[in-house]
Amino acid sequence: MSTPRVRFRGITKRFMGIVALRDVSFDVAAGSCHAICGENGAGKSTLGRVLAGVHRADEGSIELDGVPIHFPSPRHALDAGVAMVHQELAFCENLTVADNLSLGALPRRFGFVDTAALHARAVELLSAIGASIDPTRTMASLSVAEQQVVQIAAAVGAGAKVIIFDEPTSSLGETEAENLYKLIGQLRARGVTQLFVSHRMPEIFALCDSITVLRDGQHVATQPTAGFSEAALVRQMIGRDLAPLAVAAPSARGRERLRVERLASPGRFEEISFSVHAGEIVGLAGLVGAGRSEIARAVFGLDPDATGSIAVEGKPVRIRHPRDAVRLGIGFVPEDRKKQGLVLGMRSRENATLPTLKSFSRGGWIDRRGESAAVGASFERVALRAGAESAVGALSGGNQQKVVIAKWLTAKSDLLILDEPTRGVDVGAKAELHAWIAKRAAEGAAILLISSELPELLGLATRILVLREGRLRGELTQGEATQDALLRLMAGLA
Amino acid sequence: MTTPRAAPSGLAKLGLTLVRSPQFGLVVVLLLLGTTLTLAAGSHVDPQSGREVNNFLNRYTLIQMATDASAFAIMGVGATLVIIAGGIDLSVGAIYALSGVAMAMVLRALGPMDPVTTVLVGLSVCVAVSLLCGLANGLMVIGLGVHPFIITLGTMWILRGIAFVISRAESILVPTSLTAVAKAPLGLGTALYPVPLLAMLAVTAAGGIYLSRTVAGRHILAVGGNAEASRFSGLSVPRITLGVFVLSGLAAGAAAFLGAAFYGSATSSDANGYELYVVASAVVGGASLSGGKGSAISAMLGAVLIVMMRQAIRTLRLDQNYEWIIIGVAMIVAVVLDQRGTKLLAGRLSRVA
């Protein structure tokens, strides 16, 4: 065996105590196109960023052509021949393509920028990868695809022998993606090693020689693409040994708490009709981008473009703002708890009463005792392992999520929308959250559960609705739902 | 659990609470500066009583400083609300000028009235004008979707311009009954006017209680801390934004009433440049320009610190021409120290977690 171009050895990376990567080791052969797959949050982008010098690994080492390397910054990585094409493109938007391509090394004459040389260099770099973009255009005027091409030109021009692509086609149209695939083919022909972070099956199988699968920050497998099936890959990405998950006993189905009829939002989803009854946990399954969170947001009044009708407790209602939803007794645990779920600078108590502070007040004055009592009871029910006065920003992911949930317990919401409630939460807290969800349903709450983790859906949901490309594609009851059946519906395999 | 510790006595507990309070650093700085000035100031013999009096630590200087600080502090409490909510209000000096001029003109047009009516009418005019100004700021910020810096920079010129035009740049005297209120001795003796000091303390207390004890105050902190999470919790972000601009306007109106009454006149150039002193008071007091953090008491202490530094230049007989340079340097130092402290604290918190 020849020396691998890149060798990851025991890479571990933590963010604020949360493990993003745990002891990841694998090799990338020189000149190959190597896919890195995994669910959202599996750590694939983090791994790319560690290699590109954006993050520094807490443990482990990386070897480039057999030589251990340490990149304190992306600049150092680039000098060593490792470049990254980012999801969020890092450019000076108001400068021209030529400026951006030479940024950091502007050609100078008598102390002024040498415009002619600048232009010539840009043309040279762009034509080297067969691109025909006018270098005098500003970055802001380019499409995302064109901006990517400029990033690639910059990387190749800097002599990169390893290029990391982070979900490069996530915001591209079909033809643009095709062009990118061609470019990737060209780069491979030149012997550039490519790491391709993606969760799109077709492109992985079309482009890549080998595949590494990450799950929950851990390395699952590295294998050649040949002789490997999409379904097997999906299972490796999502599936896990069915950990003993508290299976919710189907509780008595009560009255209808939520009915959604022909809900639609242009470009997001259409023709969505379903109902959730008291005592039910209705799962919403689908691959990333299928429209699950979008539906949740629409029901909670966060999508001004949504049309269709919604009835709560049998009565038709209009929900135009989350305020309306809160008043109707709907609680929403959003996908991104740090951005949407919590005010990180406030205390746990203050977060837990944010939607309902008025009910703990008289004439605008906060009744501190009433507030503390209610919050204490809620925190006890979710088994929060921190005081009510703790700074919520300093809590672990699991405790933060418990605070978000306590918010809706305090609000006495009996209709809960949970969007990835256990994402980024450690195993212990996860089990507690599962038990809590099952208990709330048994108490008569109606729960809409969105999750990318199939075992979670299979263990908890009484019924599972499957979404693909913004439409409902099927419904499975607890008895008939299996990982296989769900995966098939989600991916659109017959 | 660890071994049980002896329960701290009440006094120790109080001490701990004080040391941990966010105002502790500022208070220490104020006390240090005050002590330094007292020691360095020297003393003179009071011709009336014949006793030796410290040049800094005497009733007249302290009350004078409080009077100077009161305008910054009262407006600073209002501006702090805006800053906590994630905005900024640069128009407070102009609102001050317009409210004062409008009050003086209305009272002049109405002619002599009995003292109580005069005070009530004057106060009403100030409140009404400043409320409208704040409302205009808030409505434009939420309606036009332009950053409050730009909107209030615009209204800063517009409102001062209106004051200039309607007053024809005249200095307009206000009735003596107003001055009698603002300069009421309240038993302290001649040439000692405690009313601005008391007003400053009252507004600070009101602001502090508003932020910590009312639903509206909590909502301001939440919106400034994370507007999206607040919206996801059902809060109306535009309404809360509107509210803080109205309150900031009202605070400027209150300061204008007090100022015009105290000094006996109002002109369109009153409170010129105060907006920056006000913002400085808030940030020296630890308010974060990115929102979510700040307190009324700290804003007042910030205002007192700025005034005390100006006083230091006079007391220490430094060259007055260096005043702005000294204040500028001190403000940057204060904010940097505060941020370093916050970072240290955040680091400690994350290590505990």
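Here is how names work: the chains are called A, B, and so on, in the same order as the sequence lines, proteins then strands, and each is numbered from 1.
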Asker: Pick from A/Arg323, A/Lys339, A/Gln340: which one has the most heavy-atom pairs with chain B under 4.5 Å?
Answerer: A/Gln340
Asker: So for A/Arg368, is it side chain, backbone, both, or neither that comes closer than 4.5 Å to the heavy atoms of chain B?
Answerer: side chain
Asker: Side chain, backbone, both or neither: which part of A/Arg337 has a non-hydrogen atom closer than 4.5 Å to chain B?
Answerer: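 Neither part.
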Asker: Starting at CZ of A/Phe332, measure out to CG of A/Leu415 and round the result to the nearest 0.5 Å.
Answerer: 12.0 Å
Asker: Non-hydrogen atoms of chain B under 4.5 Å away: do they reach the side chain of A/Leu354, the backbone, both or neither?
Answerer: both
Asker: Side chain, backbone, both or neither: which part of A/Thr353 has a non-hydrogen atom closer than 4.5 Å to chain B?
Answerer: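 Looking at A/Thr353, just its side chain touches chain B.
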Asker: Do B/Ser236 and B/Arg231 have a side chain donor and acceptor closer than 3.5 Å?
Answerer: no
Asker: For A/Asp58 and A/Thr12, does a side-chain donor sit closer than 3.5 Å to a side-chain acceptor?
Answerer: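 No pair is found: no donor N or O on one side chain lies under 3.5 Å from an acceptor on the other.
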Asker: For the residue pair B/His219 and A/Leu357, what are the closest heavy atoms and their distance?
Answerer: NE2-CB, 4.2 Å
Asker: Is it the side chain or the backbone of A/Val343 that comes within 4.5 Å of chain B heavy atoms, both, or neither?
Answerer: both
Asker: To check you understand the geometry: which heavy-atom pair defines the closest contact between A/Leu395 and A/Ser348, and what is its length?
Answerer: CD1-OG, 3.6 Å
